[in-house]
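These notes are about the structure you will find just below.
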Amino acid sequence: MKKLGLGLLILVLLVIGAGFLFQQQIGERIFARAVDNAVTRDVIGALPDGINVVLCGTGSPLPDPSRAGPCSAVVIDGKMFIVDIGGGAVRKLGLMGLNPGATEALLITHFHSDHIDGMGELMMQRWAGGGRDAPLPVIAPEGVEPIVDGLNAAYAADAEYRIAHHGAATILPTGKGGVARPFAIAEGQAEMVVYDQDGIRITAFPVNHKPIAPAVGYRFDYKGRSVVFSGDTIKLPSVAEACNGCDLLVHEALNAEMVGTMEQAFAKTGRKRLAKIMADIQNYHTTPVEAAETAKAGKAKMLVLSHIVPALPFGYLESYYLRGVDAAYDGPVVLGKDGMLFSLPANKDSIEPGDLL
């Protein structure tokens, strides 16, 4: 037994030594294999026909190491629609194998910075990496025009550098930047179709995020499946009405009790400005329980919470965050995390979960 143990020890030491001596060669092979896998990976092509929802950012303006800013990707028939584009979300798309070049359009719910601060990067990645010959359509309420124009101006020099470096045949000059596609929902109007092509219908509906206005949510319909995004809002009957039996309701959520604890902590230390901000943000968001009540009223088949406030740095806090949700809604509830995938196969009733991270 002693000889066997000694032999195993010597073998382990030899393997460790070989790994150290040939570290560069081993690293070269590992890298080449990883690159090959990444290049040949086709996440979008592997998704089923139907509506596929990917959470590319489930965070908020509050720092959270595991969550990018607000972003959801909807992949239908090879086309990718992005709903809001918070900071870090474009890089999360890359980590998940979702090529920004596949983006058909960007839809914005409102113009808070955390919902638009990845827009410039998405425009650039879609154009340069995707070989697009036309700008990114940005579908949003009226007021989006100066934002898109400003980003086009901010990235103008960068665009010229890339054309000069790679050549106009590789980086098509006509595809740079974005183009605003504004819409206006009239007072008292319940909804407006903002996209209707190839069997894909996207409907916008007004929500209440005052004093931020306009603010909207979106509903996607395709081959008998549906998903609704609430956008940032207080609890509203209009979100339940937009759902109306939808397969998936992706709803924002702020735990007021937890934010209230933060408010008190800031107040105790004399940080009055931050205490005031923590108090203010509680009055224009929806709590997890209220989101669950909306899901019940809208007869949603599944509720997914996103735009998580406050940050949840470790899983032990999740039960506290969701306290009371089960009593408000008896359907499945998912606390959203970056990388989550929900596939809604065409003309079926199933919701198939997955994870791309």
Side-chain angles (χ1 to χ4, degrees), residues 42-58 70-84 93 96-99 102-109 137 139 190-205 207 216-231 233 238-252 291-292 294-307 329-356:
D42 182 12
V43 174
I44 290 177
L47 293 174
D49 183 31
I51 300 179
N52 301 278
V53 177
V54 182
L55 304 184
C56 38
T58 56
C71 174
S72 298
V74 181
V75 182
I76 303 174
D77 193 25
K79 301 180 179 69
M80 184 163 68
F81 301 84
I82 303 294
V83 180
D84 290 330
L93 288 172
M96 292 183 290
L98 296 174
N99 179 11
T103 306
E104 181 78 3
L106 170 65
L107 296 102
I108 300 296
T109 61
I139 301 171
E191 61 183 34
M192 171 180 284
V193 175
V194 295
Y195 183 97
D196 195 357
Q197 297 179 35
D198 303 318
I200 304 168
R201 172 172 287 196
I202 307 175
T203 306
F205 56 92
V207 297
V216 301
Y218 293 102
R219 174 179 169 126
F220 287 71
D221 286 278
Y222 176 73
K223 291 188 177 181
R225 306 312 301 266
S226 56
V227 57
V228 169
F229 298 92
S230 70
T233 182
S238 63
V239 178
E241 291 163 5
C243 176
N244 189 28
C246 64
D247 294 296
L248 198 68
L249 173 60
V250 182
H251 206 297
E252 68 117 291
T294 298
K296 180 179 180 179
K299 299 180 181 179
K301 295 181 177 64
M302 178 181 286
L303 170 64
V304 176
L305 299 178
S306 191
H307 196 281
Y329 170 66
D330 58 7
V333 178
V334 178
L335 182 61
K337 297 178 182 178
D338 292 11
M340 284 183 169
L341 164 68
F342 304 89
S343 290
L344 284 58
N347 303 314
K348 295 183 179 180
D349 295 325
S350 62
I351 299 176
E352 301 170 2
D355 195 339
L356 296 181

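- Across every non-hydrogen atom of A102 and I44, the tightest pair is CB-CD1, 3.6 Å.
- Nearest heavy-atom pair across I82 and C71 is CG2-SG, 3.8 Å.
- For the atom pair I200 CD1 and F81 CZ, the distance stands at 4.0 Å (nearest 0.5 Å).
- Under the side-chain hydrogen bond (donor to acceptor under 3.5 Å, both in side chains) criterion, T203 pairs with no residue at all, not counting sequence neighbours.
- Residues passing the ring pair (Phe, Tyr, Trp, His ring centres under 6.0 Å) test with H307, sequence neighbours excluded: H115, H285.
- The CG atom of L248 lies 9.0 Å from the SG atom of C243; values are rounded to the nearest 0.5 Å.
- Here the side chain of S230 pairs a donor or acceptor atom with the backbone of E252 at under 3.5 angstrom.
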Begin with the C-alpha distance, continue with both residues' side-chain angles, and end with the deciding distance and a verdict on side chain to side chain contact (heavy atoms under 4.5 Å, CB included) for Y329 and T294. CA-CA 9 Å; Y329 170 66; T294 298; over 6 Å; no

Stepwise, does the side chain to side chain contact (heavy atoms under 4.5 Å, CB included) test hold for V216 with Y218? CA-CA 7 Å; V216 301; Y218 293 102; 3.6 Å; yes

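- Contact check for T58 versus M340: no side-chain heavy atoms found under the 4.5 Å cut-off.
- Other residues, nucleotides and ligands contribute only 12 or fewer heavy atoms inside 6.0 Å of the NZ atom of K296.
- Applying the ring pair (Phe, Tyr, Trp, His ring centres under 6.0 Å) rule to F229 yields the partners F220; only residues at least two apart in sequence or on another chain are considered.
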Steps toward side chain to side chain contact (heavy atoms under 4.5 Å, CB included) verdict (I202, V193): CA-CA 6 Å; I202 307 175; V193 175; over 6 Å; no

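- Remark: D221 pairs with R219 by the side-chain hydrogen bond (donor to acceptor under 3.5 Å, both in side chains) rule, at least two apart or across chains.
- Checked options I51, V227, V334, D247; the residue passing with F342 is V334 (criterion: side chain to side chain contact (heavy atoms under 4.5 Å, CB included)).
- Judged by distance alone, with hydrogens and angles left aside, the side-chain atoms of T103 form no donor-acceptor pair with the main-chain N or O of M80 at under 3.5 Å.
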Quiz: residues 345-356 side-chain donor-acceptor pairs under 3.5 angstrom, not counting sequence neighbours:
residue	atom	partner	partner atom	Å
D355	OD1	L357	N	3.0

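- Here D77 pairs with nothing under the salt bridge (Lys or Arg N to Asp or Glu O under 4.0 Å) rule; sequence neighbours left out.
- Within the structure, salt bridge (Lys or Arg N to Asp or Glu O under 4.0 Å) pairs that include any residue of residues 329-341 comprise K92-D338, E318-K337 (at least two apart or interchain).
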Return a table of donor-acceptor pairs under 3.5 angstrom between the side chains of residues 297-304 and protein atoms on other chains or two or more places apart.
residue	atom	partner	partner atom	Å
K301	NZ	G245	O	3.1

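- Residues passing the side-chain contact (heavy atoms from CB on, under 4.5 Å) test with P137, sequence neighbours excluded: A105, R126, R181.
- Annotation for S306 and V250: closest pair CB-CG1, 4.1 Å, computed over non-hydrogen atoms.
- The minimum heavy-atom distance linking C56 with L93 is given by the pair CB-CD2, 3.8 Å.
- In this structure, the separation between CG on L47 and CG on L344 is 11.5 Å, given to the nearest 0.5 Å.
- Taking CG from L55 and CE from M96, the interatomic distance works out to 8.0 Å, rounded to the nearest 0.5 Å.
- Atom CG of D42 sits about 10.0 Å away from atom CG of L98, to the nearest 0.5 Å.
- By the ring pair (Phe, Tyr, Trp, His ring centres under 6.0 Å) test, Y222 pairs with no residue at all, sequence neighbours left out.
- Contacts of T233 classified as side-chain hydrogen bond (donor to acceptor under 3.5 Å, both in side chains), with partners at least two apart in sequence or in another chain: none.
- With sequence neighbours left out, the side-chain hydrogen bond (donor to acceptor under 3.5 Å, both in side chains) criterion links E104 to Y195.
- Shortest non-hydrogen contact noted between S343 and N52 is OG-OD1, 2.7 Å.
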